[in-house]
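Shown next, in structure tokens, is the structure this report addresses.
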Amino acid sequence: MVEIELDGQKVEVAEGSMVMHAAEKAGTYIPHFCYHKKLSIAANCRMCLVEVEKAPKPMPACATPVTQGMIVRTKSDKAIAAQKSVMEFLLINHPLDCPICDQGGECQLQDLAVGYGGSSSRYEEEKRVVFHKEVGPLISMEEMSRCIHCTRCVRFGQEVAGAMELGMSHRGEHAEIETFLGQTIDSELSGNMIDICPVGALTSKPFRYHARTWELSRRKSVAAHDSSGANLIVQVKNNQVMRVVPLENEDVNECWIADRERFSYEALNGTDRLTRPMLKQGGEWKEVDWQTALEYVANGLRNIQRDHGANSIGALVSPHSTVEELYLAGALMRGLGSDNIDYRLRNAEFGAAEGVRTLGTSIASLSTLQRVLVVGANLRKEHPLFALRVRHAVRHGAAVNLIADKSAFSHADAWAMPVANAVVTDAFAWAQTLADVATAIAAEKGVSAPCAGTASAQAQAIAKSLLGGQRKAVLLGNSAAHHANASTLLALANWIAEQTGATVGYLTEAANTVGAQWVAAQPQTGGKHAGQMLAGGLKAAILLNTEPEFDSAAGGAAAPALAQAEMVVTLSPFKANMAFSDVLLPIAPFTETSGSFVNAEGRLQSFHAVVKPLADTRPAWKVLRVLANLLEIPGVSFETSQDVLARATAQPLAASNTTRAAINLTGTTTPAPAVASIYQLDGIVRRAPSLQLTADARQEVTP
């Protein structure tokens, strides 16, 4: 540790730290633009000049290493004069368009100009003009004349997102931040550039000119599309969601969010919203009141239960639904005498419940891994915030190994990070590939292999990698979870992890996959699983927040199969499943209801509604509770969502990534596991116009 004196206060910081770090520890603010705690030091704005005793001139706090006994003054006349001089230069060419700038009211330059800018300018020359750039549907670069060349956006792309999509061209007054060769910004994390831009050069294209920042109410929430459980600030005006930005939480999402969390809100205000209950009568849809709709559903379920038995009724539920909704859906089914409920819509294998599958380690620990093996995942596209942390680990020496198919790893730069060893093969060969790695590890350690395998050169390379280092993880992705031989993949992953000292876990698919397992939203006593229900095995189907044509492994075959049922009830925020449903019940999306999600690491996070439900929309947990009451199911008379949560989580989370399944290496030619692309994951994302205009949605960018 090094001790310095900062504005008369003794501060101890680690050797190698900068004066800026000491100031942060001491709670002293030093004005700055280019410095950001998550990015490398550029020292190009010079706004953080401070006086260092015995130094001949003011020094940049962000790039001046501390030394023992150093005396620093951040508020001296010399420091303030230097900072004001820098501000004068910054404002020479900056346009005076604050009244129309989207960044007005939350602009770092605007704030600091009040304290360090002059009341008038000494310069009379014309200000420079930088022509706008078209870089895609999410980020606006219409006013690049505002840019102060802090290069935060450039460094973010290079260091955090892993793809340097922006750079600086030319020099002096001709310098510009731009993409090159007319390219667009296609990163799945691109919206974070808007947040870190200290001026109004990069702004949100969907939000542009929709509201002023001081008109917005700010309310906390949790990401509904991401298994990281990213913390959000949802900004609201006139009972409409206008913008979504990250809420900093170092243990979960740091200060970043993925673009699907940031821009999917557009769907919440779209024309496809379902606002009143609807019944299909004579082949035509008619709006009805809630009492009529719920009594119709209750009577229909009673009749089908009487005529065909409770086992003919089932529920297909989305893992993006809240803990409370999933619990009540299960209570409704089991109250009717049916165990037919399942969230595993994209799975090809349906083993017995063996515990709650989680990440197996904390999300924060992904940043400190030294060795990692990823099986069946497109880490960058499916789990952007996990990829961000693994990318950080790689920049500090970690080695990433992967087993995947071409859709997940088509070329060396697909993951925007160096990959030490990659086995790119068809999904049916993953089990054998893992067996080969296990065989190579067994040979290295002189132990018996768990099954027959060949220690190929690739397997040996992965084995040697996993046997090195200290902090390690074996991570199974969405394709591995949905795999027809998923239990064998898990069994082999467990053996490899045990022999190498690694943790093993799942990069879970949805916002509440872990929560769905916790509240038993899957058959417990031999009921029909999702595959059987999607094949047409039901007389009555309840679809909670899901569109099986898009959300299930059955795909287009789900519609004719479900159409065979006597009654299909869809609970959705949107006009969905209209071709084969008989009843549509408008339920609130996550922004209009209170609820809870459990993220990949098993962290339970609750949230409140940020706006009132639209029109006659109702929270799904209330709809399910009333329906259960109409069916005279006991034990579900809850007054609040907190009451439901307390009941649902009465049993502690029993996380276990072990399995009793036997290893089966029998080859299979079944289709590749069903995995949704990044902007087709759920109904909200699918209906967000700007996200559907991105290169990823158009599949112009190879994953």
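Excluded from the calculations below are hydrogen atoms, water molecules and symmetry mates; all remaining heavy atoms, backbone and side chain alike, are included. Starting from 1, each residue takes its place in the sequence as its number.
- Ring geometry, F638 versus Y327: the interplanar angle exceeds 60°, so the pair is classed perpendicular (tilted spans 30 to 60°).
- Applying the side chain to side chain contact (heavy atoms under 4.5 Å, CB included) rule to L247 yields the partners K220, N231, I233; only residues at least two apart in sequence or on another chain are considered.
- Electrostatic pairing of E547 and R686 counts as a salt bridge here, judged by a charged N lying under 4.0 Å from a carboxylate O.
- The minimum heavy-atom distance between A530 and D342, with the atom names listed, is N-OD2, 2.9 Å.
- Counting all heavy atoms, side chain and backbone alike, Y506 lies closest to R357 at CD1-CB, 3.6 Å.
- Look at R618 and E592 and you find no salt bridge, because none of the NZ, NE, NH1 or NH2 atoms lies under 4.0 Å from a carboxylate O.
- T546 and S318 share no side-chain donor-acceptor pair at under 3.5 Å.
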Report task. For the pair N512 and H320, evaluate side-chain hydrogen bond (donor to acceptor under 3.5 Å, both in side chains) and give the outcome as yes or no after the intermediate values. Result -> CA-CA 5 Å; N512 201 30; H320 295 281; over 6 Å; no

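- Counting heavy-atom neighbours within 6.0 Å of H608 NE2, excluding the residue itself, gives a total of 12 or less.
- F574 carries R687 over the face of its six-membered ring, with the cationic atom under 6.0 Å from the centre and within 45° of the normal.
- Ring to ring, F607 and F597 are close: their centroids are under 6.0 angstrom apart.
- For F207, the side chain to side chain contact (heavy atoms under 4.5 Å, CB included) partners two or more places apart in sequence, or in a different chain, are D102, S204, H210, A211, L216, M242, R243, Y265.
- R276 has a carboxylate O that lies under 4.0 Å from a charged side-chain N of D616, or vice versa, which qualifies the two as a salt bridge.
- The salt bridge (Lys or Arg N to Asp or Glu O under 4.0 Å) pairs that include a residue from residues 314-323 number zero, where partners must be two or more places apart or lie in different chains.
- The side chain to side chain contact (heavy atoms under 4.5 Å, CB included) test with D696 singles out one residue from D259, D186, I678, and that residue is I678.
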